[in-house]
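Right, one structure below, let's go through it.
First listed ligand is number 1; within each ligand, the first listed atom is number 1.
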Amino acid sequence: MDMSRRAKCTIVALTIVVCLLLPHPCASDGDQLAVGEKLSAGQPLVSDGGAFALGFFSPDSARPARQYLGIWYNSIPGPRTVVWVANREAPATDPTLALSNDSSTLVLSDADGRVLWASTGGIAGVNSSSPLPAVLENDGNLVLRSPNGTVVWQSFDHPTDTFVPGMKTWLNHRTHEGNRIVSWKSPGDPAPGSFSYGLDPSNSQQQLIWNGTRPYWRTPVWTGSAVTTYYLGAGTVVYTTVVDTEEEITVRFTVSEGAAPTRYVLTSSGSFQLLSWNGTASAWATLQSWPSTDCSTYGHCGAYGYCDILAAPAPAACRCLDGFEPANAAEWSAGGFGQGCRRKDQLPPCGDGGEEEGFVAMAGMKVPDRFLVEEGGNRSAEECAASCAGNCSCAAYAYANLQSSSAKGEVRRCLVWAGDLVDAMMLGAQWAATADTLYLRVPLAAASTGRKTSKIALKVAVPVLAGILLLTSIFFVWFCRFRDNKRKTESQKKLIPGSTNTSTEIGKGDHTGDLEFPSIRLADIVAATGNFSKTFMIGRGGFGKVYKATLDSGQVVAVKRLSKDSDQGAEEFKNEAILIAKLQHRNLVRLLGCCTEGAEKLLIYEYLPNKGLDTILFDNARRSVLDWPTRLGIIKGVARGLLYLHQDSRLTVIHRDLKASNVLLDAEMRPKIADFGMAKIFCDDQVNANTRRVVGTYGYIAPEYSAEGVFSVKSDVYSFGVLLLEIVSGVRISSSDGIMDFPSLIVYAWHLWSEGKADELLDPSMAGTCSQDEALLCIHVGLLCVEDDPSRRPLMSSVVSILENGSASSLSLPTPNQPAYLETMEEKKSDLDNTRNTMALTVLQGR
Ligand SMILES: *[C@@H]1O[C@H](CO)[C@@H](O)[C@H](O)[C@H]1NC(C)=O
Ligand SMILES: *[C@@H]1O[C@H](CO)[C@@H](O)[C@H](O)[C@H]1NC(C)=O
Ligand SMILES: *[C@@H]1O[C@H](CO)[C@@H](O)[C@H](O)[C@H]1NC(C)=O
Ligand SMILES: *[C@@H]1O[C@H](CO)[C@@H](O)[C@H](O)[C@H]1NC(C)=O
Ligand SMILES: *[C@@H]1O[C@H](CO)[C@@H](O)[C@H](O)[C@H]1NC(C)=O
Ligand SMILES: *[C@@H]1O[C@H](CO)[C@@H](O)[C@H](O)[C@H]1NC(C)=O
Ligand SMILES: *[C@@H]1O[C@H](CO)[C@@H](O)[C@H](O)[C@H]1NC(C)=O
């Protein structure tokens, strides 16, 4: 201690001496540049936390005098990875950076005082009586603030060729203004190159890479999801969140906490790449790269052609849209696709041939470019089909029911095409979530031989039928593929529809796809649990009792013995269990194996020593272990786990019994959801359906589920909301303590919220560790999740997006409605009192 203090004093003294000796005003150190200070070569600013540095660099070792101001990763070794450059076009020898007197502008000048670059586009008229320094924040953002705290200018608003987490692309719907990243000219020259990337100003529904002014590659059209996720190895998740308001659309990328450095970059050769730092290999790993093949570059397959990614493992290849053939067969087969395709059969003359036309459906497509978004929005599938059929110049349409990005309800999208259809693509399963079905107008002559066409008179039924067919066939293909999964090669496995985003897709070395799923002998379990003796029992739930067992290998596991009311056969049970075991996520408890013998059905899980969240959260002596950061981590973790079950897993699993005791904590207090997939195991897995058997726990069951037996992902959202309010308040939903005179925790929370006193809800035992903003945002989200009307509850994708983006997103949230349903539930409560402490209840509905 003493030594280090002395050392520090010496350094300070030395610095003062050095500064006095220098002719310039004293250069800053640390992460800030104040008015009057100068930053020059060799003394970079380092962010507080050490992740990023701001300073001068010369990318071309052959020309060291060409210096640029840039931001790079300070924390990774080896050659500098520069993520932002100021004076891209104006390199200089001996440049310095200074802050204007009112601290509103950063100015870069050379040795002769010529201004090479200045931070423009900031807010003018900053109060100059108390100027603040420029700060390099630990996320790599260089920020100028006015004394009242508003951001005057930030480097994140002016990206160069890289997106680091927190940066965004945006486009104003009205002015069509937005930002783009622009590639370097070459790896040694940061001057703007010919490639750029950003939102498409003509419709804001897709993103493009341009080569100069020509499109070079295009994303699929946005399908409305508020957040999409990539699961990388080592538990890292990359989130892309989209916020679409009246004014502008914003696409932001973030990563989960503790993730390795991750960035998107547009290289000087026009490739848009997602990279992640691999500390072991001490190198950047390229996780994805677009365009991934020649075939997928913009318009490669010509008009009415499309790129078929599904041709894999053969290379992706050009094909003609259904009803079309190569315009020049000889050239086409020689690999010249420029002339594209033409109709096999001409359409009948428009106007009188209504009965002679039909639509052919192509599913799983990235739809062509140059579409028109039908005015009036929110059309039904029938209206969309009719508007295309009724317009002679309409060649195709695509209809989508967009996933709602907020609680504002469903939004439907109708795209129509009038000109040539260019740049379509058949997408691999990896992108199933972004695919559309394209309906192409064809003559009935083609329809009679075509597989999926129909008379125009039937056109209203087409979309519905096609939808059902598509679902069925996807399921069937997937099911068949799944069956003989083991025999397939790795590259083929990537084609399993719906297997999107599991860790197997990206982490190539990760062989969870070949998961060995052990069947464990009943006799061994009987021995390890003393024939299911009470001394080994560690819990019980709606689906059976749980025992702790030590296997012969020494591994400690939790064994769930399913109650006997499942009428499923042993083979089906095992199939389901294997499916469930493939759901792997850091916030889900791992299923390790299963065992069936006779009527006995057992599931073997990993054992988590910290047990259920309820055992800590509702224990007066222990709950102070859960400070606010830990609780927020638990809330976020559960939200991510649930998002994975709902959206990103291949199964769309509804948990149906989410509650504090089904959230287990690992040694680091990270949450893992237990008991998911039980509905599947019990062969009761319709996505949004009525069920005779209401399974759940008093207080956590959504009103529509307990009253009518209707369940959906939104019933899980309700349970999540309840759990969230419990975590924030430390009050059990089934308890009447701590909620004053209110009938329930939900009503109590809502009243405090509506009176602006939501902070009174916070558990006093985490006092001092609490971030008021974060906690209030959580309560707000919780109250939206427990809305009576399921359609007003947000999807888990929105919840995760809101929690990831923090209080910045609270402005756009709707105000929660007063809970009405609880009065009626209050009456039921007394009936249910007996059962509530058995943790779960099963209500047999007389429907
Ligand atoms: C900034 O302030 C310093 C000292 O007060 C002064 O010498 C200098 O001229 C000012 N610069 C500008 C651009 O106003
Ligand atoms: C903060 O200051 C900036 C300029 O200094 C001004 O434009 C902005 O309106 C101020 N914001 C608030 C909330 O006072
Ligand atoms: C500028 O800031 C100072 C101190 O924060 C304050 O006293 C003064 O009123 C402000 N001036 C203006 C014009 O906002
Ligand atoms: C980009 O455009 C330039 C000029 O039109 C062309 O020479 C170059 O080949 C294009 N690059 C790619 C990768 O297509
Ligand atoms: C990092 O690189 C090493 C060595 O190349 C490799 O074995 C490991 O799987 C990589 N880790 C990740 C998370 O990709
Ligand atoms: C038919 O579609 C074209 C292109 O989409 C459009 O310009 C035209 O107004 C439409 N005609 C009618 C009658 O709707
Ligand atoms: C779109 O239409 C559907 C069905 O009519 C309706 O439920 C939904 O609220 C509408 N959405 C908007 C944003 O108007």
Side-chain angles (χ1 to χ4, degrees), residues 73 75-79 81 161 165 180-187 189 191-198 200 207-219 229-239 255-303 305 307 315-316 318 335-338 340 369 422-423 425 430 490-491 493-494 501-515 584-587 590 670:
Y73 288 97
S75 53
I76 63 172
T81 305
D161 69 334
R180 286 191 196 175
I181 55 171
V182 180
S183 67
W184 287 24
K185 202 164 206 162
S186 70
D189 185 356
S194 63
F195 294 96
S196 59
Y197 174 92
D200 184 351
Q207 282 154 288
L208 285 163
I209 301 175
W210 288 269
N211 179 3
T213 55
R214 293 211 319 271
Y216 174 60
W217 179 78
R218 190 171 62 98
T219 61
T229 39
Y230 291 119
Y231 293 89
L232 312 183
T236 306
V237 189
V238 177
Y239 298 95
V255 292
S256 51
E257 268 160 60
T262 304
R263 65 193 165 107
Y264 282 97
V265 66
L266 181 63
T267 68
S268 49
S269 55
S271 169
F272 186 58
Q273 300 180 337
L274 173 62
L275 302 145
S276 166
W277 180 253
N278 180 333
T280 325
S282 200
W284 288 99
T286 307
L287 305 170
Q288 297 272 329
S289 177
W290 300 272
S292 54
T293 62
D294 275 353
C295 174
S296 61
T297 58
Y298 189 92
H300 182 79
C301 297
C307 172
C318 286
F337 307 112
D369 195 17
V422 291
D423 195 43
M425 182 154 134
Q430 199 170 352
E490 171 121 354
S491 63
K493 232 178 259 151
K494 292 190 174 166
N501 294 336
T502 55
S503 54
T504 36
E505 301 306 319
I506 293 163
K508 281 228 175 73
D510 185 350
H511 287 285
T512 43
D514 299 319
L515 185 81
Q584 291 194 10
H585 187 275
R586 55 154 43 172
N587 297 117
R590 275 197 68 176
R670 284 178 305 221

Please tell me if atom 14 (O) of ligand 4 is touched by the protein, where touching means a protein heavy-atom distance below 4.0 Å.
yes

With heavy-atom distances below 4.0 Å as the criterion, list the atoms of ligand 5 near N278.
1 (C), 2 (O), 3 (C), 8 (C), 10 (C), 11 (N), 12 (C), 14 (O)

Would a search of protein heavy atoms around atom 7 (O) of ligand 4 find one under 4.0 Å away?
no

Compare all side-chain heavy atoms of Y216 with those of F272 and state whether any distance is below 4.5 angstrom.
no

Output the list of atoms in ligand 4 that are nearer than 4.0 Å to some heavy atom of F195, sorted by atom number.
11 (N), 13 (C)

Answer yes or no: is there a side-chain heavy-atom contact under 4.5 Å between S271 and F195?
no

Using only atom types and a distance under 3.5 Å, with no angle test, would you say the side chain of T81 pairs donor to acceptor with the backbone of Y73?
no

Ligand 4 atoms nearer than 4.0 angstrom to some heavy atom of R214 are 5 (O)

Close side-chain approach of V182 to W184, heavy-atom, < 4.5 Å
no

Got I209 and Y298 here, is their nearest side-chain heavy-atom distance under 4.5 Å?
no

Could you identify the single nearest non-hydrogen protein atom to atom 12 (C) of ligand 4 and state the distance to 0.1 Å?
N211 ND2, 3.4 Å

